[in-house]
Amino acid sequence: MVRFWSLILGLASAAILPSMGSAQTLPQYGDANHLGVQTCASSTCHGSVQPWPNSSVLQNEAVTWSRHDAHSGAYNSLGSERGLRIAANLGIGDPRQAGICLDCHADNIPAANRGPGFNIADGVTCEACHGGAEQWLGGHLSGQAREDNIAAGMYPTDRPIARARLCLSCHYGNEQKFVTHRIMGAGHPRLTFELDTYTFAQPAHFRVDDDYRQRKPWANGVKMWAIGQAVAVQEILEALTDANRNSDGIFPELVFFDCHACHHPMSNLRWQARDSVGLGPGVPRLNDGNLVMLRVVAGVIDPALGDRIESQTRALHQASTEGYEATQAAAAALRETMNGVVSSVSGHSFTGDEMTNVLNALLNVGLDGEYVDYIAAEQATLAISTAVAALESAGRLQGDTLSRVNEALETAYAAVQNDEDYKPDTYVAALQEVRTALQ
């Protein structure tokens, strides 16, 4: 399956969750002690060099993490030339000592919760995602049921909503940590995230088989993508309506705006009108890439909901030209609409026909001119790829048609390869190639 590997490799490396039985504190903010990587990495636990034969668990998870997963090198990147330069630009001293950096580049828990084997230099470790092992390790070693592990404090990364919250806490931010425009201005790469693609791109440290599906919930790619978009929009609106994050002196917090409305060569005359926002040239648009994706999937589940999200997103864009109070009111209205949307998306099955409907809707919205902004095109490319992969897995897209679609997708990936060279007309032509390949 085609995946936008070069895009993923080029990116930077509400603590309480919604209902659906997934309410749990993020590992960084829990009370349990973190015992350190070596607690999990013995050869008889998860430190085997090779996967165990005839085992439902690979047992080489720690080796996979240390050798192949970028999370293990997150702390070390702080000491790189770029990391040190960013810190110097921000005036924060050694980034390996700065909480603003360690909060996402390491398992930065309070000193009181660090066990004797804990080492902050290990980066984003097992316990950074799975939770402090103090309370659940004994039962886990004895083979207790998954739900018992979770009840003892293990974080449920297998649940899509919980996983999205966890990943977005660093790949977007939350109340406790947030990558601002000043941080990016200092040299930090632009953040982006798409749950299904990032899950797929991460080196696998689990085996999906019948045993896995019995122990843990499993969502097809379209559902995983949809949940990720819904949670991302919820987090964006939480931040936009948070007085501590939505302003920066006399300016709004510019991280909420589309980067490329300002950051592109002046010779690249790329601006085009978008009917859904109603803004003219020279007006920075709010970054609504995730909102565009969400209204696509919402429109498949509930057309009225999709229309409401589109209408309120337009009102938000319009309000951004009127002032702070108007923007906050429009964002609050959209945030109110989002109540229940995450659970609604999570509870939806996304049958074969609906996966096809999502793919067609993604293409139609793009061909109608909604992906003139680079970030929306970037998100759409990942989404279309996810839908194609899900349809292939379900046996609904095969043979020559699949080959033609994947070849056309390569053209779409090429069109968003370089944000500074992005041209909306080229991308729309790529989408038309995908549409033609499906016929």
Side-chain angles (χ1 to χ4, degrees), residues 1-13 70 171 189-202 221-222 225 228-229 258-274 285 287-290 292-293 296 355-356 358-393 397-439:
M1 180 60 221
V2 178
R3 288 281 171 175
F4 197 8
W5 296 114
S6 57
L7 171 64
I8 297 301
L9 292 175
L11 297 173
S13 60
H171 287 272
R190 176 179 64 89
L191 293 181
T192 191
F193 182 75
E194 193 278 289
L195 183 62
D196 180 69
T197 299
Y198 275 60
T199 297
F200 182 92
Q202 183 175 346
V222 171
W225 163 78
Q229 294 298 324
D258 177 61
C259 302
H260 305 92
C262 299
H263 294 287
H264 66 82
M266 294 298 290
S267 59
N268 184 354
L269 304 178
R270 64 199 272 174
W271 186 86
Q272 293 184 21
R274 275 181 61 194
R285 292 196 276 250
N287 175 11
D288 67 346
N290 295 108
V292 173
M293 295 297 100
V296 168
M355 289 191 290
T356 300
V358 167
L359 176 57
N360 287 331
L362 287 165
L363 293 170
N364 290 339
V365 167
L367 293 172
D368 286 342
E370 280 300 282
Y371 305 152
V372 299
D373 295 324
Y374 174 82
I375 294 175
E378 176 186 67
Q379 285 288 327
T381 306
L382 299 176
I384 292 167
S385 182
T386 286
V388 169
L391 287 166
E392 177 187 5
S393 180
L397 193 57
Q398 297 177 321
D400 291 341
T401 299
L402 177 62
S403 297
R404 290 194 302 271
V405 169
N406 281 335
E407 184 177 350
L409 264 175
E410 290 284 9
T411 305
Y413 281 127
V416 293
Q417 178 73 41
N418 188 326
D419 58 349
E420 293 184 357
D421 294 334
Y422 176 68
K423 293 178 175 59
D425 289 344
T426 302
Y427 186 69
V428 170
L431 292 184
Q432 186 58 63
E433 288 188 32
V434 178
R435 165 69 74 203
T436 301
L438 285 165
Q439 295 173 347

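Only heavy atoms go into these numbers, but all of them, side chains included; no hydrogens, no water, no symmetry mates. Just so we're clear, the structure is a prediction, and the values are computed from it rather than from any experiment.
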task: Hey, could you give me the OG1/CG distance between Thr411 and Asn406, rounded to the nearest 0.5 Å?
output: 11.0 Å

- line: Taken in chain and number order and not counting sequence neighbours, the residues that satisfy side chain to side chain donor-acceptor pair (under 3.5 Å) with Tyr427 are Thr381

task: Taking side chain to side chain donor-acceptor pair (under 3.5 Å) as the test, write out the residues that go with Thr426, two or more places apart.
output: none

message: Using 0.5 Å steps for rounding, measure from the NE2 atom of His171 to the CD atom of Glu194.
response: 12.0 Å

query: Looking at residues at least two apart in the chain, or sitting in another chain, which of them share a side chain to side chain donor-acceptor pair (under 3.5 Å) with Asp368?
result: none

task: Could you tell me which residues satisfy side chain to side chain contact (heavy atoms under 4.5 Å, CB included) with Asn287, sequence neighbours excluded, listed by chain and number?
output: Ile375

For Cys259 against Arg190, the heavy-atom pair lying closest together: SG-CD, 3.6 Å

- line: Value for CD (Gln229) from CG (Asp196), rounded to nearest 0.5 Å, stands at 10.5 Å

query: After noting the C-alpha distance and the side-chain angles of Leu397 and Leu438, does the key distance pass the side chain to side chain contact (heavy atoms under 4.5 Å, CB included) rule?
result: CA-CA 9 Å; Leu397 193 57; Leu438 285 165; 4.0 Å; yes

query: Step by step, would you call Asp373 with His260 a side chain to side chain contact (heavy atoms under 4.5 Å, CB included)?
result: CA-CA 8 Å; Asp373 295 324; His260 305 92; over 6 Å; no

- prompt: Does Gln398 have any side chain to side chain contact (heavy atoms under 4.5 Å, CB included) partners at least two apart in sequence or in another chain, and if so, which?
  reply: none

field: Where Val416 and Ala377 come nearest, the two heavy atoms and their spacing
entry: CG1-CB, 3.9 Å

- prompt: Which residues pass the side chain to side chain donor-acceptor pair (under 3.5 Å) test with Glu420, sequence neighbours left out?
  reply: none

query: side chain to side chain contact (heavy atoms under 4.5 Å, CB included) between Glu392 and Val405: does it pass, once the steps are laid out?
result: CA-CA 11 Å; Glu392 177 187 5; Val405 169; over 6 Å; no

- request: Could you name each residue pair satisfying salt bridge (charged side-chain N to carboxylate O under 4.0 Å, His left out) that touches residues 424-439, not counting sequence neighbours?
  value: none

query: About how many Å separate CG of Leu382 and CZ of Phe200, when rounded to the nearest 0.5 Å?
result: 12.0 Å

- prompt: Can you name the closest pair of heavy atoms from Met293 and Ala383 and give their distance?
  reply: SD-CB, 4.0 Å

- prompt: Listed by chain and number, what are the side chain to side chain contact (heavy atoms under 4.5 Å, CB included) partners of Ser403, not counting sequence neighbours?
  reply: none

task: May I ask you to decide if Gln432's main-chain N or O and Thr436's side chain share a donor-acceptor pair within less than 3.5 Å?
output: yes

query: Taking C-beta and beyond as the side chain, do Arg285 and Val372 meet within less than 4.5 Å on heavy atoms?
result: yes

- request: Applying salt bridge (Lys or Arg N to Asp or Glu O under 4.0 Å), name anything that partners Asp288, two or more places apart in sequence or on another chain.
  value: Arg274

field: Side chains of Trp225 and Thr199 in contact at under 4.5 Å (non-hydrogen atoms)
entry: no

message: For Tyr374 and Tyr422, take the angle between the two ring planes, folded into 0 to 90°, and tell me which bin it lands in: parallel under 30, tilted 30 to 60, perpendicular over 60.
response: perpendicular

field: side chain to side chain contact (heavy atoms under 4.5 Å, CB included) involving Val365 - partner list, sequence neighbours excluded
entry: Val292, Arg295, Val296, Glu370, Tyr371

message: Show, in sequence, the C-alpha distance, side-chain angles and deciding distance for Ile384 and Leu431, and conclude whether the side chain to side chain contact (heavy atoms under 4.5 Å, CB included) test is met.
response: CA-CA 10 Å; Ile384 292 167; Leu431 292 184; 3.7 Å; yes

message: Please find the pair of heavy atoms, one from Gly221 and one from Ala390, that lie closest to each other, and give the distance.
response: N-CB, 4.3 Å

